[in-house]
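Since the structure comes first, as structure tokens, the remarks are kept for the end.
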Amino acid sequence: MNDSDMDDNTPADDRRTARDFDVEIDDVLDEDGDDEDGLFDDLLRGEPIFENKEVLRPSYTPHELPHRNEQINNMATILVAALRGETPSNILIYGKTGTGKTASAKFVSQELEKTSRKYEVPCEVEYINCEVTDTQYRVLAQLANTFIQQNREFVDDRVDELESLAERARDDPTVLADTEFDSVEAVVERVDSLLDDREEMEDVPMTGWPTDRVYAEFFDAVDYVERVAVIMLDEIDKLVEKSGDDTLYNLSRMNSELDNSRVSIIGISNDLKFTDFLDPRVKSSLGEEEIVFPPYDANQLRDILEHRSETAFKADALSEDVLPLCAAFAAQEHGDARRALDLLRTAGELAERDQADIVTEAHVRRAQDKIELDRVVEVVRTLPTQSKLVLYAILVLEKHGVHNINTGEVYNIYKRLCDEIDADVLTQRRVTDLISELDMLGIVNAVVVSKGRYGRTKEISLSVPVEETEAVLEADSRLGDVENVTPFVQARFDNE
DNA sequence: AACTATCTGCGACATGTAGGCT
DNA sequence: AGCCTACATGTCGCAGATAGTT
């Protein structure tokens with residue numbers, strides 16, 4: 001309930017404050033007859049393009065997911081069991097990034113919790129992102145703690161309830177008739193035992209306990225109250241990759257030992273083949289139901305964008321071809337909706353910066369470039385020093401008009417660069433690998449070619465803009481003071 | 001805090017290889 | 001036909017870092 005309330009209110013609040021702000025600005029400008037333009041005046045006067053940019057961000061969970069009805073209904077059909085107090089089948093959800101897996105799952109679980117509250121069926125959904133919480137210990141600890149927290153709240157409520165009951169019973173013992181208690185003393189006793197339990201509910205520390213104790217703690221916490229617990233494990237493949245399938249094995253066989261409650265697992269995975277590494281028993285129990293999220297095609301992406309842009313942008317802020325173009329670009333890249341939204345948002349931001357009234361096709365194309373450039377800058381910036389040196393060597397060669405650079409040349413320049421800045425010199429073996437890595441990152445293009453009598457080498461060329469890359473590399477403090485590499489590149493030319 | 005397992009980056013050494021040259 | 005170049009690619013074992021466990 002809280003979550004959805006917040007979702008409903010936050011954007012509205014944003015809108016209101018934004019509008020108020022506009023009004024104030026207008027007032028100020030009106031009063032000040034002499035409009036000496038300050039730094040921000042121009043920027044503010046332009047028609048804002050965005051109505052609410054939040055809905056374009058990846059963190060936003062929409063209330064409607066176009067083209068995912070089938071999957072959502074599927075999940076709902078499986079999970080209604082929880083509302084009848086039965087154990088829902090475990091679900092495994094597959095799909096690449098940006099296919100709406102997480103959003104759909106979260107949406108369904110919100111609905112589930114909402115309905116469970118309406119009918120007062122005890123049913124909880126716990127969401128865990130295994131990329132963040134990536135060990136068995138941490139998953140268990142986190143689960144244990146949330147359930148312990150819930151139990152505390154449950155006990156507190158129950159104690160309040162019973163205390164007031166006891167109070168009333170003292171005056172008028174007949175109120176006990178409809179309850180499980182036959183005397184005031186029994187109620188008081190129950191309160192005491194609850195308070196004792198309350199004492200024992202200790203948080204699991206984030207480190208320090210043996211795993212089996214954490215597991216036991218979690219087990220007890222879940223079983224303390226009658227309920228159906230749905231555990232959502234996002235990026236479950238990461239968990240399996242890093243710490244094996246023990247966690248899943250334990251979780252999936254819990255049901256047979258729980259007395260009061262039932263657990264059900266929803267696994268969300270990017271990787272279709274991750275079950276290959278699982279214990280067959282885990283595999284069969286976890287994959288009772290499988291739901292696949294296929295990538296969106298261009299038309300579906302357009303629907304999604306249309307849907308979101310209604311709230312995201314002011315009316316008529318988009319020129320006609322913007323959405324189809326964004327959709328087409330994103331469809332080329334594996335139908336990733338996140339990417340499409342990112343593109344649209346960036347295009348809008350660019351338009352805003354231009355103080356344009358509408359977002360045009362050109363903005364989208366520029367956004368595409370910008371996103372790609374940002375990616376490259378980020379990749380290059382975070383490269384280890386040795387890789388940077390190798391890249392710098394390639395860059396230097398490229399700048400001097402050498403094309404089809406080969407490994408030997410790169411290695412020579414690289415050695416000089418290392419000398420210059422006093423860095424360790426790696427062997428050619430290693431540098432070869434580093435070049436391959438740069439190739440895989442897409443900042444360099446390397447093809448192996450055979451030059452017959454003159455051996456076999458990689459032909460390397462830069463596949464990113466020279467100036468920008470150079471700027472990023474030179475921003476590195478260790479590379480900053482490399483000066484004048486031209487002479488020895490030149491020397492190499494003369495030799496040839 | 002101490003212990004252990006796993007991962008990472010590296011060099012040594014070995015083997016593979018396309019195709020122009022002789 | 002086979003040689004030979006300038007590397008590519010593969011495997012191993014090591015040391016130090018990092019993470020998980022107790």
Side-chain angles (χ1 to χ4, degrees), chain A residues 128-145 202-219 233 235-251 274 277 379-380 382-394 397-398 402-419 421-441 443-462 476 478-479 489 492-493 495-496:
Chain A
I128 288 189
N129 186 330
C130 300
E131 202 173 10
V132 187
T133 313
D134 60 355
T135 65
Q136 181 177 9
Y137 186 95
R138 275 189 274 183
V139 170
L140 289 176
Q142 189 173 328
L143 285 171
N145 283 335
E202 210 185 323
D203 271 344
V204 176
M206 282 322 282
T207 177
W209 285 7
T211 312
D212 52 346
R213 181 167 170 204
V214 182
Y215 178 76
E217 204 73 21
F218 162 59
F219 186 93
L233 298 169
E235 322 245 0
I236 196 172
D237 42 335
K238 296 274 162 39
L239 179 69
V240 174
E241 197 178 291
K242 288 195 178 170
S243 44
D245 51 10
D246 290 7
T247 322
L248 300 180
Y249 180 71
N250 287 336
L251 289 178
F274 100 102
F277 311 112
V379 169
V380 172
T382 53
L383 239 33
T385 311
Q386 291 293 349
S387 296
K388 281 184 181 169
L389 282 165
V390 173
L391 180 59
Y392 198 73
I394 297 170
L397 284 163
E398 188 95 14
V402 189
H403 295 295
N404 304 334
I405 310 163
N406 56 45
T407 310
E409 286 172 320
V410 174
Y411 189 64
N412 284 327
I413 306 285
Y414 160 82
K415 267 196 294 196
R416 309 265 189 125
L417 285 171
C418 286
D419 272 3
I421 68 161
D422 239 5
D424 297 347
V425 183
L426 300 182
T427 54
Q428 186 153 331
R429 175 73 187 81
R430 206 76 252 302
V431 170
T432 312
D433 283 349
L434 293 181
I435 293 173
S436 301
E437 275 167 33
L438 292 176
D439 182 30
M440 289 207 297
L441 289 170
I443 40 189
V444 126
N445 211 330
V447 198
V448 276
V449 289
S450 181
K451 295 188 167 173
R453 177 72 179 67
Y454 304 106
R456 213 166 116 80
T457 183
K458 278 196 171 97
E459 256 181 14
I460 304 157
S461 61
L462 211 57
D476 188 303
R478 283 155 302 188
L479 289 188
V489 178
R492 282 192 55 76
F493 270 130
N495 288 341
E496 279 160 24

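Here is the naming used below: chain letters follow the sequence lines, and residue numbers restart at 1 for every chain.
Side-chain atoms of A/Q386 come within 3.5 Å of backbone atoms of A/D424 as a donor-acceptor pair (strictly under, hydrogens ignored).
If you measure from atom NZ of A/K415 to atom P of B/dG11, you get 13 Å, rounded to the nearest angstrom. Counting to the nearest Å, the C1' atom of C/dG10 and the CZ atom of A/R429 are 7 Å from each other. Note: CG (A/N404) to C1' (C/dC7) measures 16 Å, nearest angstrom. In this structure, A/L426 places its CG atom 11 Å from P of B/dA12, rounding to the nearest Å. For A/E437 and C/dA8, the CD to C1' distance is 15 Å, given to the nearest whole Å. Between the CD atom of A/Q428 and the C1' atom of B/dA14 there is a distance of 16 Å, given to the nearest Å. Between A/I435 atom CD1 and C/dT9 atom P there is a gap of 11 Å when expressed in whole angstrom units. Distance OH (A/Y411) to C1' (C/dA8): 15 Å, rounded to an integer number of Å.
Remark: A/I394 CD1 to A/L389 CG distance equals 11.0 Å, nearest 0.5 Å.
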Could you write out each protein N or O paired with an N or O of nucleotides 16-18 of chain B at a distance under 3.5 Å?
{"from": "B/dT17", "atom 1": "O2", "to": "A/R456", "atom 2": "NE", "distance (Å)": "3.4"}
{"from": "B/dA18", "atom 1": "O4'", "to": "A/S450", "atom 2": "OG", "distance (Å)": "3.3"}
{"from": "B/dA18", "atom 1": "N3", "to": "A/S450", "atom 2": "OG", "distance (Å)": "2.8"}

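Residue A/N406 places at least one side-chain N or O closer than 4.0 Å to OP1 or OP2 of C/dC7. Residue A/T407 places at least one side-chain N or O closer than 4.0 Å to OP1 or OP2 of C/dA8.
Between A/D433 and A/R429, at least one side-chain N (NZ, or NE/NH1/NH2) sits under 4.0 Å from a carboxylate O, which counts as a salt bridge.
A donor-acceptor contact closer than 3.5 angstrom is absent between the side chains of A/K458 and A/T432.
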Next on the checklist: side chain to side chain contact (heavy atoms under 4.5 Å, CB included), that's the test. Do A/V390 and A/V444 meet it? Break it down for me.
Outcome noted: CA-CA 11 Å; A/V390 173; A/V444 126; over 6 Å; no

Next on the checklist: side chain to side chain contact (heavy atoms under 4.5 Å, CB included) for A/Y392 and A/K388? Distances and angles first, verdict last.
Outcome noted: CA-CA 6 Å; A/Y392 198 73; A/K388 281 184 181 169; 6.0 Å; no

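Checking C/dA8, B/dA12, B/dG9 against the side-chain heavy atoms of A/K458 singles out C/dA8 as nearest.
Across all strands shown, A/V425 has heavy atoms under 4.0 Å from sugar-phosphate atoms exclusively, and none from any base.
Closest approach of A/I405 to A/V410, counting heavy atoms only: CG2-CG2, 3.5 Å.
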